[in-house]
Structure formats: structure tokens, C-alpha cells
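In what follows, a structure is listed as C-alpha cells, so that the remarks can point back to it.
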Protein chains: 2
Amino acid sequence: MAVTMNDVARVAGVSLKTVSNVINNYEFIRPATKQRVLDAIDELGYEANLTARSLRSGKTSMIGLVLADLSIPYYAELASDIMKAAWARGYRVLVEQSGNGPGHEKAALQGQFRTLTDGLLFIPLALDAEQIMEAAGKKPLVLLGEYVQDPRLNMVLIQNHRAAAAVTAHLLAGGRRRIAVLGAHDGDTTGSNGLRLEGYKAALADAGVAYDPALVIDCDWRRDGGAEGTARLLDSGVEFDAVFGLNDALALGALHELLVRGRKVPEEIAVAGFDDIDEAKFASPSLTTVAPGRAEIAERAVELLINRIENKDAPLHVQQPQAAFELRIRQSAP
Amino acid sequence: MAVTMNDVARVAGVSLKTVSNVINNYEFIRPATKQRVLDAIDELGYEANLTARSLRSGKTSMIGLVLADLSIPYYAELASDIMKAAWARGYRVLVEQSGNGPGHEKAALQGQFRTLTDGLLFIPLALDAEQIMEAAGKKPLVLLGEYVQDPRLNMVLIQNHRAAAAVTAHLLAGGRRRIAVLGAHDGDTTGSNGLRLEGYKAALADAGVAYDPALVIDCDWRRDGGAEGTARLLDSGVEFDAVFGLNDALALGALHELLVRGRKVPEEIAVAGFDDIDEAKFASPSLTTVAPGRAEIAERAVELLINRIENKDAPLHVQQPQAAFELRIRQSAP
DNA sequence: CTGAAAGCGCTTACAG
DNA sequence: CTGAAAGCGCTTACAG
């Protein structure tokens, strides 16, 4: 039904191999022959069948991207950047939403769609390094974020510790002394939550401010989690003059709840987040946050993965580049 | 290198066809034989090669989704719903970002990735019906939104006119008489912008309120467009007591600009949007808007497309279902 | 520079 | 119920 290379070969009066040579930009081909083939392709409206090409070449030119949910702005923005970076290198991205929980994450990682990809980009939330290595199989894999740390895995790191310390230092410099943290559990030391909490503690220590576990509120990393956590904090009677949401969604939820309760931001309570999603700039008041270098993360991750894909036989030289971060000071914590 | 059906057949001591029968759940197969095959699959860790299956069967079980950019919340949320709906029916979604402008949209639509899909979901922004039909080729196609209207195309409709009228009527019922519109050009009648503007006009007429073109502000459908349009409006000296952003991004941009300029929302100026993106609920003040039935749109679009894919030979019975909308009244326009 | 042939890993008539 | 064979549309050694 569809036009094939055979049809093109027949119309152009050449062999299949010659058509293939033209399509794949083989150098040594007579200009006249090449032109005849191109004309035939044009005339017939031939389009290469990527499925057949993949089966034969063993390469799909697709990379898988496993993340929790595209409706979460940070992931959506990162996915958009990743798709652009991949596209620029001739790859396409197949997104797989893992939803919540380790079970789903594992299933997503092992899904049949893997046979359609040359390698995998993965933003882990629940699985640890061992589980990831077991579930991911043997195709090239690059992790994003810093939920797991393991010297055997390629990953692009966010400077969670240093960036969180920078946010905290900024709040301290603004005179805040009772800075609540949303999105961590007192004692966390690993994962984005733990590393950011540690950065927060380090900045407090640097400034000689005491750490108070009562200011650390565990809640879901979403807007409603931030609102709910803030409500709990307000109801508890614990005093605080700033809120540091460990991601922007938390901070925006906090902002909402504080304003609903008639608290003035930033006069009474400063608010800061982490991620610099597009929305942060247009919140009212606009949100002070830290940009973890999203475009760079996307770029490096794609680059790393494609390097692994195209140099399968090269010795596995694990790389863990860090993206540069940048503090974005806005109205919510000037 | 990878385990194939042949390996499974050898280990199980059956023919290739028998393995295929087991994998494809062919009914009439001796239980003992089936078990032997399943054991072999387990033992070898066999995974079906989807590329080979696609090439042979002529079916990829993937649907393409062409939209402007995943970093735009409305599209990201819609894409997430579409992926879930498709997944539930055994299909995977390949997202293609078209960026801005008709040229890019056309290129995205015609891209090579089409050979990897069984059909296409498309959210048009710039192309008209003729251009779409020409560019899309002959695979099943379903449009989302209501940018184009054409009886020859399958599409899931948003009730732009009625929903925009409902928002406007709500603002009028709140006593507003000078309602600015962001995101349309005076005189627009087609596309989401035109249809929503017409709905706005109809509601004004119903209430006996005069239409004033000076209140219609043309700007990009993004947060910064809304902020910039609102700034222009404020600077122009035109009086207004409400702003209707034709999507939520515009309304949120307007909200930001109004608050920056010290205007009280909703006391002085009410603000309403269109889309009900997640963010609307957590803005401060929270945003009154209309939910166009995102989940239903995703569901119906996927259903329609898969129906076309799986009943290719059925006569083309064009369908254009409408999703139900719902007004969400929040603080910005109570 | 170009051709004839094999084969990637499946599914699908066709037999039995 | 099961087997032997063909073929989906490409790419890739192998010749010449």
C-alpha cells in the first residue's frame, strides 16, 4: 500500500542499494544517479518506514523518558527542554508517566516500551539505586535530579545542597530567623528533600542560628501539600517569619494559604521556593526561588545518554555533571 | 543478542507459531504446551520486540500528539490526560512539539514520526482545515479544541462560545459593566479567540450592555502577554472594572500586573480566565475560570481516534462531540 | 560507484 | 491444536 524503496528503485531505474545510498547520504554516488533517485522519491511521495529501519539497524532513535506526571509543571518544563535537546540530535522522546509509588515506577521502567527505545532518561522518586539498576535492564540509562546517589550510575546532578543553602542564606540576610521548611521530614538526609534540608541546616549553622525541628513540615510536593502544611504550621502556633518550600509548588501553596489567612507576604512572612517554574515569576507576589539550571540539565542529560548509546562499546566511564544554579530574588522574599 | 521467539521455541521444544499463539492469547492451545512456553519465556527473560511486531503487523500501537509546547500548562495537563486515556486502551503517545507559527506546525504534522504512529491527535493553532487535511496525510486524525471548524474533520469541541458567555454573564451578574477582554482582536470570529469573543459579546447583548472595542486587547496567550496587555490597558486610561482573560495564562498575567500596580482584586477589578489549569486554584486570589472538560476531551479524542484506527474500513462517519464545561467561581470574581 | 542477497524478529495465511 | 514458510521494508556486508 505505502510507497517503498523498491518502488523508488524501479521508477528511478536503479537498485535498492542505490536508493538506500541516496537516503543515507552515502558520499560516492554519481550526481546524475542521485538526482534520478531524488526525483523518483519526490514523484512518488516516498517516506522512509522508520519501523523497518529500526528493526534492521537495531536502533530506534528514540529515547524513553520516565517521570511521575506531565501535569506537574516542573516535569512538563523539563520534558519540553529534553524533547528539544533530543530532537536537535535526531532523537525522539517517548514519555512514560510513572505516577506515584515505587511499584508504578518499577513497572514504568520495565515497560514494553523499552524495546522501542535506545536508552532511558529517568527521574526517580521512589526507587533506590539497586532497584533502578535491576529494573532498568542493560540499555544506557541516565538519571536526572539527585534522588539517588551511586557511583555506578550516570546522572546529571542538581546542586541541591548548595542551592538550598543559598536560598536559606538569602532569607537570613533579609533578617529572618525562624524559617519554616515545607516538604521534608526532620532527619532526612538523602533524596532531594534530605539534601535540600541539609543545605538549609548548613546555612543556619553558618549564620549561627539554631535549627528547630518544629519548623520542618512534612507534606506532599504539590500546591495542595504546601497549602495544607502551611495551615498545619499556622494552627500549631509555632512562630515563624519565613517559609522555604523545597519546591515551587510547595511555596506557591504556602503563599496561597498565607494570603487566605490574611498574612502579609513578605512583610510578615517571606516565602521562597526551589525550581523556578514559569509560574513563579507571575505569582502575586512573585516568588523568590532558585533556578536549578533546567535547560542545562536537559542538555547534559540528553548529551550523556546519546553518547552512551552511540558508543556502546566504549568502557563505561560514569559521569555525573552538575548543573549551575541561580538564585532568583523576587517580591515574596526581596 | 536479545532473546527472540526462536530461542523460546527451542527451549520450549515447540515451533515459532506456537510461541506466537501463546503470546497473542490464541484460544485453542493445549494447557501443557502453553505452560511450557510460558516457562521458557520466564526462564529466558524474553520480551517481545515491538519494532518487529509493528513492521509485520503494520500497526504500531502509538498515536502521535502534535501540540505547541509542553511547557504551557494547559497542554501539559491535557497531554497527561491523553497519555493516560491512550495507555488504558493499549496505546502509547508520541508527543511532537510544533512551537509557534504555521510553518512549524506543518512540519510537525508531516514529520517522519508519523510513520511510527497509527493516527494523529492535533491541537491546531495556525493552520486552517485545508492545510491540515493536506499536511496530515491519510492516517486517522482527530483535532482538539475548536480553532478550525470543518464538517470533514473529526474533532472534539470545546464549547468556546457558550462557556465564554457563561463567564461574562457571571461577571455581569456581579455588577461589572466594563469588562476588558485579553487575547482577541476586535472583529475576530473564528478560532478559540474569535469564538470566545463572540460568546462575550452575546452575553453583553443579553444583558443590554454596550460592546466597546476599546476593551478588547490583542496579546499573546501567555502570562507575559496578559501582563503586558493589562499594562497597556491601564496606561491607555480606558476605564474597566473586570478583566476576562481568554485563557488562564492571560488572566494570571493580568492578575499579576494589576496587583503590582496596586489595584485591588476583586474589589476594584474582577478577573476571570478560561481553562481551569491546576494553577488557577492556587493563585492569590484564586482565579475564577471555566473548566472546559479536560478529562472528557482527552477521553473522547482518544476514543474517537482509536475507533478510526481500528475500523479503518468503516465508512468515515465524522464525529464532533462537545465536552461539557463548568464555571469555577473563586476569589478573583466571586 | 552500483547490484544481488541475506536477514532484523515478528505475524499470518496455508496446511495438516 | 501445531508446523513450515513467506514476507513486512529496510540496512548491510559482500562482490564486482
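All chains are named by letter (A, B, ...) in the order of the sequence lines, taking the proteins before the strands, and each is independently numbered beginning at 1. Computed from a predicted structure; not experimentally measured.
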Closest to the 5' end of DNA chain D, once B/T18 and B/R56 are matched to their nearest nucleotides, is B/T18
Report the residue (A/A52 or B/L16) whose heavy-atom-nearest nucleotide on DNA chain D is the more 5′ of the two. B/L16
Within this structure, what is the [atom1]-to-[atom2] distance between [X] and [N], rounded to whole angstrom?
| X | N | atom1 | atom2 | answer |
| --- | --- | --- | --- | --- |
| B/N21 | C/dT11 | CG | P | 10 Å |
| A/R10 | D/dG9 | CZ | C1' | 14 Å |
| A/Q112 | C/dC10 | CD | C1' | 13 Å |
| A/K34 | C/dC1 | NZ | C1' | 13 Å |
| A/I23 | C/dT2 | CD1 | P | 15 Å |
| B/I41 | C/dC10 | CD1 | P | 10 Å |
| A/K59 | D/dC10 | NZ | P | 17 Å |

Please classify the nucleic acid contact of [X] as base, sugar-phosphate, or nothing, using heavy-atom distances under 4.0 Å.
| X | answer |
| --- | --- |
| A/L50 | nothing |
| B/T33 | sugar-phosphate |
| B/N6 | nothing |

[X] bridged to [Y] by N-O distance under 4.0 Å:
| X | Y | result |
| --- | --- | --- |
| A/E299 | A/R89 | yes |
| A/R308 | A/D118 | no |
| B/K84 | A/D69 | yes |
| B/E43 | B/R36 | no |
| A/R114 | B/E47 | yes |

Does [N] have its OP1 or OP2 closer than 4.0 Å to a side-chain nitrogen or oxygen of [X]?
| X | N | value |
| --- | --- | --- |
| B/N49 | C/dC8 | no |
| A/N24 | D/dT11 | yes |
| A/T4 | D/dG9 | no |
| A/S20 | D/dC10 | no |

Whom does C/dA13 pair with, Watson-Crick or G-U wobble, provided both distances fall under 3.5 Å? none
If pairing requires Watson-Crick or G-U wobble contacts with both distances under 3.5 Å, which nucleotide is the partner of C/dA4? none
Checking B/T60 side chain against B/L116 main chain: does a donor-acceptor pair fall under 3.5 Å? yes
Considering only [options], which nucleotide approaches the side chain of [X] most closely?
| X | options | value |
| --- | --- | --- |
| A/L55 | D/dC1, C/dG9, D/dT11 | C/dG9 |
| A/K17 | D/dG9, D/dT12, C/dG9 | D/dT12 |
| B/R53 | D/dC10, C/dC1, C/dT11 | C/dT11 |

Toward the 5' end of DNA chain C, by each residue's nearest nucleotide, A/R30 or B/A48: A/R30
